[in-house]
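As the structure is a computational prediction, the values presented were derived from the model and not from experiment.
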Amino acid sequence: MALTGRAALIAALASVPVGVWDPSWTGILAVNAPLAVACACDFALAAPVRRLGLTRSGDTSARLGETADVTLTVSNPSGRPLRARLRDAWPPSSWQPGTETAASRHDLTVPAGERRRVTTRLRPTRRGDRHADRVTIRSYGPLGLLTRQGTHRVPWTVRALPPFTSRKHLPSKLSRLRELDGRTSVLTRGEGTEFDSLREYVPGDDTRSIDWRATARHSTVAVRTWRPERDRHILLVLDTGRTSAGRVGDAPRLDAAMDAALLLAALASRAGDRVDLLAYDRRVRALLQGRTAGDVLPSLVNAMATLEPELVETDARGLAATTLRSAPRRSLVVLFTTLDAAPIEEGLLPVLPQLTQRHTVLVASVADPHVSRMAQARGHTDAVYEAAAAAQAQSERRHIADQLRRHGVTVVDATPDELPPALADAYLELKAAGRL
């Protein structure tokens, strides 16, 4: 039975007489002509790599933590079948740690004149764009003794989008919005600023809502119902300065702020309000304006995907000036920033009157849940010191929040899991009170 591949090579080497051994490849071929012929034939029969045609198709985006399938089509125009090992290289953050080798390498057989497809499944671990690197192909001959190898550049980009994990809160917030909007049987009384309809008075209604003219025309007391005004303007302002780079849990503060911003944008667009986005530190990193209700959420997700914290101090004056230019009419300005003492007292507070004079301002800040756990720690000396430090940090945040509230600012300070629903509730309360 004829030997093939590595077995043929081992048998050929074993047949070399003792004392004639040459450790170099040239020596091996010199002492064994049949092996040399086999290697030459094997190399000649391996399909050429440079003549292969490669094209891509598939997904161009995926939410963080989800998969994206990118298909590589390999065309073999030569007259020899292709037996190959293919490596589709992408940046390391395109896969979960430890899975790159299995996901990026493919065995491939393409008959002469035909094409085959292989699919690389990506699972990005960071937001942003992932660009395809080189495709390396190793073409084997029938015996597997010698190979041809080459690389191809086949461009493709997959954008890893924010995961929007707070989407789970949207149904309950929309239910509350429908109550405010008068579309369900539970009507809020005396709230909002836009007249909706008349209904019969029930005990507990605000007497200021009684419509005396309608009551005079009917045998029962009639009261007005209200609904929140529509077509309000909301400007989401992401502070992308150095404080947004601080990690809370497994992600930067900026990621938690994005998640809360997306929930608020989804809710506000359903309420009929217009939502814009501004990302700023020392210059504008993203500006999104004039999107329709159906397009605002995809546009926001796409714009946020490539944002990264910048390790610079945020220019508060520049942020305020850019905000005023981006929102010339009265708006709800939702500023996602830190409640640390220095950035607020030295940066935001001096320029805050410029914003509050023209707009309703809401500050949303991401709190670190680890600080709360530290504040409750007891049992040994280190834990007591940690608890004291945590209590001091919490006290400073409350002091900063009180300072902002004295300037007429609504403050929402919550952990990453609690911030999105808390911010949505604050928006609904402002809407119900007619402050938008």
Exercise. Side chain to side chain donor-acceptor pair (under 3.5 Å) between Thr415 and Asp417: does it pass, once the steps are laid out?
Worked result: CA-CA 6 Å; Thr415 61; Asp417 291 337; 5.7 Å; no
For this session: In sequence, state the C-alpha distance, the side-chain angles, and the governing distance for Val334 and Ile234, and then conclude on side-chain contact (heavy atoms from CB on, under 4.5 Å).
Result: CA-CA 7 Å; Val334 183; Ile234 299 173; 4.2 Å; yes
For this session: Take Asp315 and Arg282 through the test salt bridge (charged side-chain N to carboxylate O under 4.0 Å, His left out) and record every step on the way to the result.
Result: CA-CA 5 Å; Asp315 178 11; Arg282 287 189 174 274; 5.1 Å; no
Exercise. Does the side chain to side chain donor-acceptor pair (under 3.5 Å) test come out yes or no for Thr322 and Arg325, once each step is laid out?
Worked result: CA-CA 5 Å; Thr322 306; Arg325 288 196 300 270; 3.3 Å; yes
For this session: Start with the C-alpha distance between Val158 and Asp129, add both sets of side-chain angles, then the distance that settles side-chain contact (heavy atoms from CB on, under 4.5 Å), and finish with yes or no.
Result: CA-CA 6 Å; Val158 173; Asp129 291 339; over 6 Å; no
Problem set entry | Derivation of the side-chain contact (heavy atoms from CB on, under 4.5 Å) call for Glu100 and Arg87 | CA-CA 10 Å; Glu100 176 183 359; Arg87 179 176 182 262; 3.5 Å; yes
For this session: Dump the intermediate steps for salt bridge (charged side-chain N to carboxylate O under 4.0 Å, His left out) on Arg373 and Glu386, then the final yes or no.
Result: CA-CA 10 Å; Arg373 292 193 294 269; Glu386 290 178 356; over 6 Å; no
Problem set entry | Chi angles and distances behind the side-chain contact (heavy atoms from CB on, under 4.5 Å) call for Leu349, Gln403 | CA-CA 9 Å; Leu349 284 179; Gln403 284 186 287; 3.9 Å; yes
For this session: Apply the test side chain to side chain donor-acceptor pair (under 3.5 Å) to residues Ser365 and Arg397: give CA-CA distance (whole Å), side-chain angles for both, the deciding distance (0.1 Å), then the verdict.
Result: CA-CA 10 Å; Ser365 182; Arg397 290 179 72 89; 3.0 Å; yes
Exercise. Do Thr165 and Asp259 pass the side chain to side chain donor-acceptor pair (under 3.5 Å) test, and can you show the C-alpha distance, the side-chain angles, and the key distance before you say yes or no?
Worked result: CA-CA 7 Å; Thr165 56; Asp259 196 41; 3.0 Å; yes
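Taking 4.5 Å as the limit, every side-chain heavy atom of Val237 sits out of range of all side-chain heavy atoms of Phe336. At least one side-chain heavy atom of Thr323 sits less than 4.5 Å from a side-chain heavy atom of Leu278. The closest side-chain heavy-atom distance from Leu72 to Trp156 is not below 4.5 Å. Two residues are said to be in side-chain contact when any heavy atoms from C-beta on lie closer than 4.5 Å; Thr240 and Glu308 fail this criterion. Residues Val74 and Leu86 meet the side-chain proximity criterion, which asks for heavy atoms closer than 4.5 Å. Between Ser139 and Arg83 there is no side-chain heavy-atom pair separated by less than 4.5 Å. Using a 4.5 Å heavy-atom threshold, the side chains of Arg159 and Asn302 count as touching. Side-chain contact between Asp107 and Arg85 is present, with heavy atoms from C-beta onward closer than 4.5 Å.
For the residue pair Thr356/His407, the side-chain donor-acceptor check at 3.5 Å is not satisfied. Under 3.5 Å, the side chains of Asn76 and Arg115 contain no donor-acceptor pair of N or O atoms. Gln149 and Arg138 share a donor-acceptor pair across their side chains, judged by distance under 3.5 Å alone.
Taking OG from Ser78 and CG from Leu52, the interatomic distance works out to 7.0 Å, rounded to the nearest 0.5 Å. Atoms CD1 and NE2, from Ile137 and His106 in turn, are 11.0 Å apart once rounded to the nearest 0.5 Å. Expressed to the nearest 0.5 Å, how far OG of Ser244 lies from CG of Leu238 amounts to 8.5 Å. Taken to the nearest 0.5 Å, the CE atom of Met374 stands 9.5 Å off from the CD atom of Gln394. Distance check, rounded to the nearest 0.5 Å: OG of Ser331 to CZ of Arg358 gives 9.5 Å. For the atom pair CG of Leu319 and CZ of Arg283, the computed distance is 14.0 Å after rounding to the nearest 0.5 Å.
If you run side-chain contact (heavy atoms from CB on, under 4.5 Å) between Pro416 and each of Val366, Asp255, Asp368, Asp250, only Val366 comes through. Only one option out of Leu362, Leu263, Thr410, Leu267 pairs with Leu423 in a side-chain contact (heavy atoms from CB on, under 4.5 Å); it is Leu362.
Nearest approach of Leu277 to Ala303, heavy atoms of both residues: CD2-CB, 4.2 Å. Nearest heavy atoms, Ala62 versus Ala68: CB-CB, 3.8 Å. Taking all atoms of both residues into account, the shortest heavy-atom contact from Leu64 to Thr125 is CD1-C, 3.6 Å. The shortest heavy-atom contact between Leu254 and Arg127 is CD2-NH2, 4.3 Å. For the pair Phe164 and Ala266, the tightest heavy-atom approach, listed with the atom from each and the gap, is CZ-CB, 4.4 Å. Annotation for Leu352 and Leu404: closest pair CD2-CD2, 3.8 Å, computed over non-hydrogen atoms.
The side-chain hydrogen bond (donor to acceptor under 3.5 Å, both in side chains) analysis of residues 43-63, with sequence neighbours excluded, yields the pairs Arg56-Asp88.
A distance-only check finds a donor-acceptor pair linking the side chain of Arg130 to the backbone of Arg126 [under 3.5 Å]. The backbone N or O of Arg121 lies less than 3.5 Å from a partner atom in the side chain of Trp95, making a donor-acceptor pair. Ser269 places a side-chain N or O within donor-acceptor distance of the main-chain N or O of Ala265, the cut-off being under 3.5 Å. Looking at His359, its side chain does come within 3.5 Å of a backbone N or O of Ala327 through a donor-acceptor pair. A donor-acceptor pair under 3.5 Å links the side-chain atoms of His152 to the main chain of Val49, judged by distance alone. The backbone N or O of Asp340 sits less than 3.5 Å from a side-chain atom of Thr338, completing a donor-acceptor pair.
At most 12 non-hydrogen atoms from other residues, nucleotides or ligands lie less than 6.0 angstrom from CZ of Arg329. With a 6.0 Å radius and a threshold of 12 heavy atoms from other residues, nucleotides or ligands, Arg330 has its CZ atom above the threshold.
Between Glu114 and Arg116 there is a salt bridge, since a side-chain N of the basic residue sits under 4.0 Å from a carboxylate O of the acidic one. At a threshold of 4.0 Å, the pair Asp281-Arg285 counts as salt-bridged, since one of the basic side-chain nitrogens sits closer than that to a carboxylate oxygen. A salt bridge links Lys431 with Asp273; the closest basic N to acidic carboxylate O contact falls under 4.0 Å. Salt-bridge check for Arg242 with Glu313: passed, with a basic side-chain N closer than 4.0 Å to an acidic carboxylate O. Electrostatic pairing of Asp425 and Lys173 counts as a salt bridge here, judged by a charged N lying under 4.0 Å from a carboxylate O.
Shown here are the salt bridge (charged side-chain N to carboxylate O under 4.0 Å, His left out) partners of Arg153, two or more places apart in sequence or in another chain: Asp133.
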